[in-house]
Amino acid sequence: MHALVARQYGEPDVLALEEIPIPEPGPGQIQVRIAATALNPADLRLLSGVLRGSVPLTFPHVPGSDFAGTVTVTGPGVTRFAPGDNVFGLGLPRPTAAMAEIVCTPPSLTTGTMAEYAVFDADAPAIAPRPAHLDPVAAASIPMAGLTALPLLRALKAEPGDPVLVIGAAGGVGTAAVPLMAAAKLHVIGTARPEDEEFVRDLGAAEVIGYRDVDTVAETLRRHPGGVAALVNLAMPGDRLTEAARVVRPGGQVLNIAYPQPDPAVIETVFTAARHGDLADLATRLPLVPVRHYPLREAVRAYADLAGTHVRGKLVVTV
């Protein structure tokens, strides 16, 4: 099969399209013919080697977690899926097993989704049947973003009408978090580039702050002198949140998903997590947001774009 492969740590230019053996499912696993797979910043962090002390990769390494595809082979003991089933979800690279246990039980691991075929653990809540109304590209854009946004929504203590500042509203997780918060009747204030204002408003934001034109903290406090009920950080490096947290009123919350993680005694970091039924729920609640997509032969360029350019929403590779 064709797959995107890294044989060492580095930037996206260490990736190359190669022919490698098709992975076969073991007990409790499914083999999936991948139709589409979405890119995530975590793919690049793992590839860079910054996490090698705690999560060392094994090479050759096939990146990719989010996917949509069709089950082709089931391993012994699998009863949840059958060949021909359309599925979507996410699996983390096998070397990240400890991280995968945080996401769901049983954990969801994969051989890598930037490939024509990948193997997954069949019973993981992070994998589900793909609804008929979702095409593979739309389905592949949901899992990581949606399964990060849902825990954020569950962690929020804000009440309907409360102002909530979302830093990085136009990014991948923002495409799920902003609509979910708006549906919960929160008054979402999103930060974005000026050219992304309409996009973020269409997601459900009541206000948009162009962070390149004004200081986000000063502008938020000018508009909301009493502060906001919560700050949700999707993009700013987590260890730089102390200054931004000034916008939160006494008793409010600061929630973070970004790396590096801030001091947990001060700021709560929320992790991607999946429960059974979450993906089906997200498939019905999230709007179909336009995505930028590339064929597998251009996957290296897709990762280079993710690393080096401004990205609105999700980038998806079709296989």
Asker: Taking all non-hydrogen atoms of both residues into account, name the closest pair between Ser141 and Ala138 and its distance.
Answerer: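 Looks like OG-O, 2.7 Å.
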Asker: In Å and rounded to the nearest 0.5 Å, what is the NE2 to OG1 distance from His133 to Thr284?
Answerer: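 The distance works out to 7.0 Å.
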Asker: Give the intermediate values and the outcome of side-chain contact (heavy atoms from CB on, under 4.5 Å) for residues Gln253 and Val248.
Answerer: CA-CA 7 Å; Gln253 292 176 282; Val248 179; 5.8 Å; no
Asker: Please identify each residue that fulfils ring pair (Phe, Tyr, Trp, His ring centres under 6.0 Å) with Tyr9, with sequence neighbours left out.
Answerer: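 By the ring pair (Phe, Tyr, Trp, His ring centres under 6.0 Å) rule, Tyr9 matches Phe59.
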Asker: State whether the number of non-hydrogen atoms from other residues, nucleotides or ligands found under 6.0 Å of Glu11 atom CD is greater than 12.
Answerer: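 Not more than 12 within 6.0 Å, no.
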Asker: Could you list the donor-acceptor pairs under 3.5 angstrom formed between side-chain atoms of residues 83-105 and any protein atom two or more places apart in sequence or on another chain?
Answerer:
{"residue": "Asp85", "atom": "OD2", "partner": "Ala82", "partner atom": "N", "Å": "2.8"}
{"residue": "Asn86", "atom": "OD1", "partner": "Thr70", "partner atom": "OG1", "Å": "2.8"}
{"residue": "Thr96", "atom": "OG1", "partner": "Pro93", "partner atom": "O", "Å": "2.6"}

Asker: Do Ile167 and Tyr211 touch side chain to side chain, with heavy atoms closer than 4.5 Å?
Answerer: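 Of all side-chain heavy-atom pairs linking Tyr211 with Ile167, none is under 4.5 Å.
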Asker: Might you point out which heavy atoms bring His187 and Ala206 nearest each other, and give the distance in Å?
Answerer: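 Taking His187 first and Ala206 second, the nearest heavy atoms are CE1-CB, 3.4 Å.
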Asker: Restricting to side chain to side chain donor-acceptor pair (under 3.5 Å), what partner residues turn up for His310, sequence neighbours left out?
Answerer: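 For His310 the side chain to side chain donor-acceptor pair (under 3.5 Å) partners, ignoring immediate neighbours, are Arg193, Asp196.
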Asker: Flag yes if more than 12 heavy atoms outside Arg275 fall under 6.0 Å of its CZ atom; otherwise flag no.
Answerer: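 No, because the 6.0 Å sphere around CZ of Arg275 holds 12 heavy atoms or fewer from other groups.
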Asker: Sequence neighbours left out, what passes side chain to side chain donor-acceptor pair (under 3.5 Å) with Thr272? Give chain and number order.
Answerer: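 Thr272 satisfies side chain to side chain donor-acceptor pair (under 3.5 Å) with Thr148 only.
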Asker: Within the distance-only criterion (no hydrogens, no angle test), does the side chain of Thr113 pair as donor or acceptor with the backbone N or O of Ser65 below 3.5 angstrom?
Answerer: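 Between the backbone of Ser65 and the side chain of Thr113 there is a qualifying donor-acceptor contact (under 3.5 Å).
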Asker: Looking at Val200 and Ala169, what are the two nearest heavy atoms and their distance?
Answerer: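 That would be CG1-CB, 3.8 Å.
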Asker: Among pairs that include at least one residue of residues 60-83, which meet salt bridge (Lys or Arg N to Asp or Glu O under 4.0 Å), considering only residues two or more places apart or in two chains?
Answerer: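 Pairs touching residues 60-83 that pass the test: Asp66-Lys314.
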Asker: With heavy-atom distances below 4.5 Å as the criterion, would you say the side chains of Pro179 and Leu203 are in contact?
Answerer: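 Yes - at least one pair of side-chain heavy atoms lies under 4.5 Å apart.
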Asker: Give me the atom names and distance for the closest heavy-atom approach of Ala145 to Gly172.
Answerer: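 In this case the closest contact between Ala145 and Gly172 is CB-O, 3.4 Å.
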Asker: Please say which of Val270, Ile257, Asp278, Leu255 ends up in a side chain to side chain contact (heavy atoms under 4.5 Å, CB included) with Pro151.
Answerer: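 Exactly one option meets the side chain to side chain contact (heavy atoms under 4.5 Å, CB included) with Pro151, and it is Val270.
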Asker: Can you check whether Gly313's main-chain N or O pairs, donor with acceptor, with Thr175's side chain at less than 3.5 Å?
Answerer: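 Such a contact is absent between Thr175 side chain and Gly313 backbone.
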Asker: Taking the side chain as C-beta and beyond, is there a heavy-atom pair between Val166 and Leu234 under 4.5 Å?
Answerer: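 Sidechains of Leu234 and Val166: in contact.
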Asker: Grouping I, L, V, M, F, W and Y whenever their side-chain heavy atoms are under 4.5 Å apart, do Val78 and Val119 come out in a common cluster?
Answerer: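 Cluster IDs for Val78 and Val119 differ.
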Asker: With a 6.0 Å cut-off (strictly less than), is the heavy-atom count around CD of Glu198, excluding the residue itself, greater than 12?
Answerer: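 It does not: Glu198 CD has 12 such atoms or fewer within range.
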Asker: Are Leu17 and Leu15 connected into the same hydrophobic cluster when the rule is that any two of I, L, V, M, F, W, Y join if their side-chain heavy atoms are below 4.5 Å apart?
Answerer: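 Same hydrophobic cluster.
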Asker: Do Phe67 and Leu47 belong together in a cluster built from hydrophobic side chains that touch within less than 4.5 Å?
Answerer: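 Linked within one cluster.
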Asker: Please find the pair of heavy atoms, one from Ile142 and one from Ala283, that lie closest to each other, and give the distance.
Answerer: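 Closest heavy-atom pair between Ile142 and Ala283: CD1-CA, 4.3 Å.
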Asker: Identify, with sequence neighbours excluded, every residue that meets ring pair (Phe, Tyr, Trp, His ring centres under 6.0 Å) alongside Tyr303.
Answerer: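 Listed in chain order: nothing, the list is empty.
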Asker: Taking side chain as C-beta onward, heavy atoms only, is Leu150 less than 4.5 Å from Leu180?
Answerer: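 Yes; the side chains approach each other to less than 4.5 Å.
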Asker: State which residues pass ring pair (Phe, Tyr, Trp, His ring centres under 6.0 Å) with Tyr259; sequence neighbours excluded, sorted by chain then number.
Answerer: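 Not a single residue meets the ring pair (Phe, Tyr, Trp, His ring centres under 6.0 Å) criterion with Tyr259.
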Asker: Test Asp305 against Val311 for side-chain contact (heavy atoms from CB on, under 4.5 Å), laying out the working first.
Answerer: CA-CA 8 Å; Asp305 288 348; Val311 174; 5.5 Å; no
Asker: CZ of Arg33 to OG1 of Thr72: how many Å apart, nearest 0.5 Å?
Answerer: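 Atom-to-atom, Arg33:CZ and Thr72:OG1 are 9.0 Å apart.
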Asker: Mind jotting down which residue pairs meet the side-chain hydrogen bond (donor to acceptor under 3.5 Å, both in side chains) criterion with at least one end in residues 220-230? Sequence neighbours excluded, please.
Answerer: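 Residue pairs passing side-chain hydrogen bond (donor to acceptor under 3.5 Å, both in side chains), neighbours aside: Glu207-Arg223, Glu207-His224, Glu219-Arg222, Glu219-Arg223.
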Asker: One pair to check against side chain to side chain donor-acceptor pair (under 3.5 Å): Asp121 and Ser108. What are the steps and the verdict?
Answerer: CA-CA 6 Å; Asp121 297 289; Ser108 184; 5.6 Å; no
Asker: Between Ile20 and Met1, is a side-chain contact (heavy atoms from CB on, under 4.5 Å) present by the stated rule, with each step listed?
Answerer: CA-CA 6 Å; Ile20 62 173; Met1 69 173 183; 3.7 Å; yes
Asker: Rounded at 0.5 Å granularity, tell me how far CD in Gln29 sits from CG in Leu109.
Answerer: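 If I round to the nearest 0.5 Å, the distance is 8.5 Å.
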Asker: Run the side-chain donor-acceptor check on residues 238-245: report pairs under 3.5 Å with partners two or more places apart or on a different chain.
Answerer:
{"residue": "Glu243", "atom": "OE1", "partner": "Arg246", "partner atom": "NE", "Å": "3.3"}
{"residue": "Glu243", "atom": "OE2", "partner": "Arg246", "partner atom": "NE", "Å": "3.0"}
{"residue": "Glu243", "atom": "OE2", "partner": "Arg246", "partner atom": "NH2", "Å": "2.9"}

Asker: CZ/Phe120 to OG1/Thr110 distance, rounded to the nearest 0.5 angstrom?
Answerer: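 Between atom CZ of Phe120 and atom OG1 of Thr110 there are 3.5 Å.
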Asker: Please list, one pair per line, the donor and acceptor atoms closer than 3.5 Å that link side chains of residues 124-131 to other protein atoms, with sequence neighbours excluded.
Answerer:
{"residue": "Arg130", "atom": "NH1", "partner": "Leu134", "partner atom": "O", "Å": "2.4"}

Asker: Other members of the hydrophobic cluster containing Val316, with the 4.5 Å side-chain heavy-atom rule, please.
Answerer: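 So far as hydrophobic clustering goes, Val316 is joined with Val137, Val291.
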Asker: Taking only distance into account, with no hydrogens and no angle test, what donor-acceptor pairs under 3.5 Å do side-chain atoms of residues 155-162 form with protein atoms, sequence neighbours excluded?
Answerer:
{"residue": "Asp162", "atom": "OD1", "partner": "Arg249", "partner atom": "NH2", "Å": "3.3"}
{"residue": "Asp162", "atom": "OD2", "partner": "Glu159", "partner atom": "N", "Å": "2.7"}

Asker: Would you please test Asp43 and Met144 for side-chain contact (heavy atoms from CB on, under 4.5 Å) and show each step?
Answerer: CA-CA 12 Å; Asp43 300 346; Met144 186 72 78; over 6 Å; no
Asker: Side-chain contact test, heavy atoms from C-beta onward, threshold under 4.5 Å: evaluate it for Pro143 versus Leu279 and give yes or no.
Answerer: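 Yes, side chains in contact.
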Asker: I need the Ile209 CD1 to Ile189 CD1 distance, nearest 0.5 Å.
Answerer: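 It comes to 6.0 Å.
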Asker: Counting C-beta onward and ignoring hydrogens, is there a side-chain heavy-atom pair between Pro194 and Asp213 closer than 4.5 Å?
Answerer: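 Counting from C-beta outward, Pro194 and Asp213 do come under 4.5 Å.
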Asker: Can you find a heavy atom in the side chain of Thr191 that is under 4.5 Å from one in the side chain of Met236?
Answerer: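 Result no, sub-4.5 Å side-chain heavy-atom pair not found.
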Asker: Do Asn256 and Val254 have side-chain heavy atoms sitting under 4.5 Å apart?
Answerer: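 Of all side-chain heavy-atom pairs linking Val254 with Asn256, none is under 4.5 Å.
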Asker: Transitively linked via ILVMFWY side-chain contacts under 4.5 Å: Ile267 with Val164?
Answerer: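 Per the 4.5 Å side-chain linkage, Ile267 and Val164 are not co-clustered.
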Asker: Within a 6.0 Å radius of atom CZ on Arg301, are there more than 12 heavy atoms belonging to other residues, nucleotides or ligands?
Answerer: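 Correct, the count exceeds 12.
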Asker: Spell out, yes or no, whether Leu296 and Leu44 are grouped together once hydrophobic residues are joined by side-chain heavy atoms under 4.5 Å, including indirect joins.
Answerer: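 Same cluster: Leu296 reaches Leu44 through Ile, Leu, Val, Met, Phe, Trp or Tyr contacts under 4.5 Å.
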Asker: Minimum heavy-atom separation for Ala122 and Ile30, please, with both atom names.
Answerer: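 Result for this residue pair: CB-CG2, 3.9 Å.
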Asker: If I take atom CG from residue Leu46 and atom CG from residue Leu51, how far apart are they, to the nearest 0.5 angstrom?
Answerer: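 Going from the CG atom of Leu46 to the CG atom of Leu51 covers 5.5 Å.
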